[in-house]
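As the structure is a prediction and not an experimental result, all values here were calculated from the model. First the proteins, then the strands, lettered A, B, ... as listed; each starts at 1. Any value given below was found using the heavy atoms of this structure, including those in side chains, with hydrogens, waters and symmetry copies removed.
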Amino acid sequence: MSLTFALVGNQNCGKSTLFNYLTGSNQHVGNFPGVTVQKKEGILLKDKDITVIDLPGIYSLSPYTSEEIVTRDLLLRNKPDVIVNVLDATNIERSLYLSLQLIELNTPMVIALNMMDELQASGGSIDIKSLEKKLTIPVIPITANSGAGVDELVRRAKTAAETGQLPERIDFCKGPAHVAIHSIAHLIEHKVRQKGLPLRFSATKLIEGDDLLSAELELTENEKDIIGHLTTELETALDTDKEAALADMRYTYIEELCSETVHKPDESIAQQRSVKMDRYLTSKYFAIPIFLLTMFTVFWLTFDVIGATLSEWLELGIAAVTDAADAGLTTAGVSAPIHSLIIDGVFTGVGSVLSFLPTIVTLFFFLSLLEDTGYMARIAFVMDMLLRKIGLSGSSFVPMLIGFGCSVPAIMATRTLASERDRKITIILTPFMSCSAKLPVYGVFIAAFFADNRAQVMMFLYLTGICMAILSGLLLKAFVFNGQPVPFVMELPAYRLPTARNIGLHMWSKAKDFLYRAFTIIFLASIVIWLLQSFDTRFYMVEDPAQSMLAQIGSFIAPVFAPLGFGDWRAATALITGITAKEVVISTLSVLTGSGDEMVGSALQTIFSPLTALSYLTFALLYPPCVAALAAIRREMNSGIATLCIMAYEITIAWLMAFAVYHIGKMLGFN
Amino acid sequence: MDAITLNNLAIGQKATIITVGGEGILRRRFLDMGLTPKTKVMVRKRAPLGDPIEIFLRGYELTLRLDDAKKITVQPEEV
């Protein structure tokens with residue numbers, strides 16, 4: 001019999017560690033339809049009949065964030081066979097707050113009490129038997145890091161799922177709340193049954209003013225009035241409002257429950273250790289230097305040492321394979337167009353993208369280290385002030401910073417952000433951070449035109465990118481994401497040692513994700529560019545790239561750039577090929593000017609003046625990122641239309657800014 | 001001592017929450033994270049740039065912004 005386990009719990013409760021332990025690499029990471037919320041599914045390693053779903057980390061089932069909504073929808077509609085509620089034993093009070101809402105769902109449920117080793121090491125204990133009896137569901141102590149207790153957890157969850165054993169209704173409400181919940185339950189019972197929804201859950205959520213549920217139940221005005229009246233009675237009786245009344249009811253029950261079953265020190269050993277570490281890591285004077293040093297080290301190791309070396313090796317490997325294929329095709333006497341398609345189109349295109357892979361994998365090694373240890377949350381805490389004005393929180397700082405290295409992993413790193421709004425805004429802003437692939441373009445132009453002002457031009461470009469990100473953030477905040485943001489009320493988890501399994505799986509999942517895109521969307525894009533580059537409009541293969549369709553398109557759109565000062569068709573064509581990878585702008589310009597790599601600088605001087613060169617660089621800085629980054633945007637935004645809108649926006653910004661640079665420069669007397 | 005808002009609570013000082021304000025998702029978030037009336041809290045520190053703050057409650061560490069902390073009133077404990 002095939003069964004579905006749904007893992008539900010707070011952020012930082014060890015849910016993903018448990019998921020990784022249960023499923024190993026048998027997991028599939030996707031998105032919930034229509035939102036950017038990640039959905040992870042896997043097959044249990046030890047039992048192929050059991051599917052495990054890892055739901056987003058949430059604190060409540062109130063329908064405010066998209067994470068909460070998708071979790072709720074999945075639990076209510078797809079009804080897993082059993083809910084495995086993962087709790088952090090060292091943080092049991094707050095964890096149980098979600099449990100009390102899950103119990104109301106009327107679905108078989110077990111509690112996995114994680115981090116029991118840490119609690120015990122801190123001198124704490126939990127009376128499991130008594131907790132089980134009071135909650136009327138199985139409670140299994142586990143340590144997800146080592147796997148202790150996990151077999152027992154699976155066995156009990158399986159039994160609960162197979163027997164369909166439900167939590168016996170627990171009444172953790174008293175007095176006025178009890179009266180209100182039960183009266184409303186009575187009132188809506190027939191409608192709730194028709195819809196197949198859990199009764200008690202519906203009643204409490206209606207008191208809390210849950211509009212989604214109210215709409216789904218198609219309540220009549222009369223019923224709404226009665227519910228409103230009962231709620232007001234509750235509020236008057238308790239002298240508070242409905243939301244506080246129910247939160248207080250749950251926490252009061254939890255406090256009683258814990259006082260009878262849990263003995264734990266105020267702070268666990270890990271927490272005490274964290275407080276000590278934070279004396280430096282988040283201190284007034286050391287926090288920012290430590291953070292900068294950390295990020296510098298990560299960048300240096302990723303882009304200069306490890307990632308770069310691995311990339312070189314991979315490039316050598318790809319070159320060897322390409323040469324072998326080239327020779328093979330020649331020997332086999334394959335026709336010239338096919339030969340060119342395979343070598344110049346597919347191998348070169350996908351090969352150049354593949355050489356990103358080591359950088360991405362290395363970067364995600366460090367990122368999961370920062371995330372899993374708990375340091376990432378501290379970075380958010382320390383840097384929050386800087387991003388607040390543009391409607392983001394400190395959590396977006398690291399992804400945006402990575403954007404200066406490469407937009408692809410930067411965009412992929414937004415997955416860990418806690419709110420959908422923050423993820424989307426960060427994805428849109430990140431490409432404005434000038435990535436390292438644009439450096440060769442700046443380098444060649446600066447050498448040719450600005451030998452005396454190298455640093456100033458470089459500064460100008462980087463700062464323009466950052467300013468455009470800030471401006472875009474303000475625009476998005478004012479016009480697109482103008483609802484109430486998810487507040488920055490975030491747990492700072494205790495520092496913990498990461499596990500090799502978690503880090504390995506994280507790297508593997510990012511690599512897989514990227515490879516998939518390299519061989520689908522990027523593969524297609526390479527072929528299209530190759531076609532345009534190699535054929536003329538009558539589909540004859542061209543010798544001279546100036547005759548190609550691409551050059552024709554370049555000539556066709558060149559007038560669009562004339563107001564920016566660079567109406568030359570070669571400049572326009574290079575911008576199009578630049579979409580495959582930014583450094584290609586230079587190689588295209590060198591091919592089209594017939595100058596070769598050595599002489600490209602002096603050839604550029606025939607096309608550009610210093611001012612139009614600056615305008616061109618400004619455009620190259622701001623216009624849509626490379627196809628690998630666009631594919632990442634498409635994947636993380638989970639929407640092709642949104643991706644097209646972002647591209648249109650970037651083209652507009654790039655055009656306007658280059659226009660401004662050119663005309664202001666001209667007014668100031670530059671040329 | 002008189003009741004004050006959480007943003008004005010001195011570092012290291014303990015207090016008991018009296019009321020939790022805010023609206024919509026912010027208020028919901030406060031309550032869900034365990035910031036309910038009668039809960040004991042302590043301000044651990046301020047971030048290096050002065051904002052947000054880190055508080056300790058219900059056995060865990062939570063960070064929130066000063067602007068949001070203004071919406072919570074607390075009764076400081078006598079020292």
Side-chain angles (χ1 to χ4, degrees), chain A residues 58-60 62 64-65 68 88 90-94 97-98 208 240-241 243-244 246-248 250-252 254-255 264-268 271 274-275 278-279 282-288 291 377-378 380-386 388 393-394 483-494, chain B residues 5-7 9-74 77:
Chain A
I58 53 168
Y59 295 99
S60 171
S62 40
Y64 276 103
T65 67
E68 288 165 350
D88 173 355
T90 66
N91 205 341
I92 189 163
E93 265 189 39
R94 202 207 52 223
Y97 183 80
L98 178 64
E208 286 175 328
T240 179
D241 68 292
E243 289 189 298
L246 289 200
D248 189 53
R250 292 190 190 109
Y251 271 116
T252 307
I254 292 168
E255 281 160 22
K264 76 180 187 74
D266 268 358
E267 289 174 299
S268 73
Q271 279 170 313
S274 301
V275 170
D278 272 344
R279 272 184 211 153
T282 63
S283 77
K284 195 166 178 185
Y285 299 107
F286 294 115
I288 294 174
F291 164 64
R378 268 67 180 190
F381 171 70
V382 170
M383 305 313 277
D384 182 60
M385 269 295 262
L386 295 182
R388 197 177 296 183
S393 80
Q484 203 184 8
V486 175
F488 185 67
V489 179
M490 184 188 70
E491 181 185 359
L492 292 171
Chain B
T5 49
L6 182 57
N7 60 308
L9 193 62
I11 290 165
Q13 170 132 45
K14 292 176 183 157
T16 308
I17 295 178
I18 306 173
T19 60
V20 181
E23 287 178 346
I25 186 167
L26 175 68
R27 175 127 204 277
R28 189 70 250 174
R29 189 76 167 186
F30 282 156
L31 297 170
D32 289 345
M33 298 305 274
L35 289 159
T36 54
K38 299 189 292 289
T39 309
K40 290 200 181 331
V41 295
M42 189 257 280
V43 175
R44 182 83 74 188
K45 66 166 64 169
R46 282 182 175 217
L49 301 173
D51 193 5
I53 53 172
E54 177 181 343
I55 62 170
F56 178 76
L57 79 156
R58 297 189 186 272
Y60 81 102
E61 316 285 334
L62 185 75
T63 171
L64 72 165
R65 292 174 177 167
L66 287 176
D67 254 354
D68 297 338
K70 276 184 195 153
K71 291 162 185 151
I72 297 173
T73 54
V74 294
E77 267 177 28

With a 4.5 angstrom heavy-atom cut-off, is it the side chain or the backbone of [X] that approaches chain B, or both, or neither?
X	value
A:Arg378	neither
A:Ile288	side chain
A:Pro485	backbone
A:Ser62	side chain

Under the 3.5 angstrom rule, does the side chain of A:Glu243 hit a backbone N or O of B:Arg28 as a donor-acceptor pair?
no
Do B:Arg58's NZ or CZ and the ring of A:Tyr251 fall within the cation-pi criteria of under 6.0 Å and 45°?
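So B:Arg58 does make the cation-pi contact.
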Taking every non-hydrogen atom, the tightest pair across [X] and [Y]:
X	Y	value
A:Asp248	B:Pro37	OD1-O, 4.2 Å
B:Pro52	A:Phe381	CD-O, 3.4 Å
A:Ser283	B:Pro48	O-CG, 3.5 Å

At what distance, to the nearest 0.5 angstrom, does CE of A:Met383 lie from CG of B:Leu49?
6.5 Å
Working to the nearest 0.5 angstrom, can you tell me the gap between A:Asp88 CG and B:Tyr60 OH?
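Taking CG in A:Asp88 and OH in B:Tyr60, the distance rounds to 11.5 Å.
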Indicate yes or no: does A:Asp278 engage B:Lys45 in a salt bridge with an N to O separation below 4.0 Å.
no
A:Glu267 with B:Arg44: basic N within carboxylate O range, under 4.0 Å:
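A salt bridge is present here (some side-chain N lies under 4.0 Å from a carboxylate O).
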Specify which of [options] makes the most heavy-atom pairs with chain A at under 4.5 Å.
options	answer
B:Arg27, B:Arg65, B:Arg46	B:Arg65
B:Leu64, B:Thr36, B:Thr63	B:Thr63
B:Met33, B:Glu54, B:Arg29	B:Met33
B:Leu31, B:Ile55, B:Leu35, B:Thr39	B:Leu31

Below 4.5 Å, heavy atoms only, C-beta onward: do B:Leu62 and A:Val489 meet side chain to side chain?
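Contact flag for B:Leu62/A:Val489 side chains = yes.
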For chain B, the option from [options] that forms the most heavy-atom pairs under 4.5 Å:
options	answer
A:Leu386, A:Thr252, A:Val275	A:Val275
A:Glu208, A:Met490, A:Gln271, A:Lys264	A:Met490
A:Asp241, A:Ile254, A:Thr240	A:Asp241

Please evaluate residues B:Ile25 and A:Val486 with respect to the criterion side-chain contact (heavy atoms from CB on, under 4.5 Å), reporting the C-alpha separation (whole Å), side-chain torsions for both, the decisive distance (0.1 Å), and the verdict.
CA-CA 7 Å; B:Ile25 186 167; A:Val486 175; 4.0 Å; yes
Checking heavy atoms, do the side chain of B:Leu57, its backbone, both or neither come under 4.5 Å from chain A?
neither
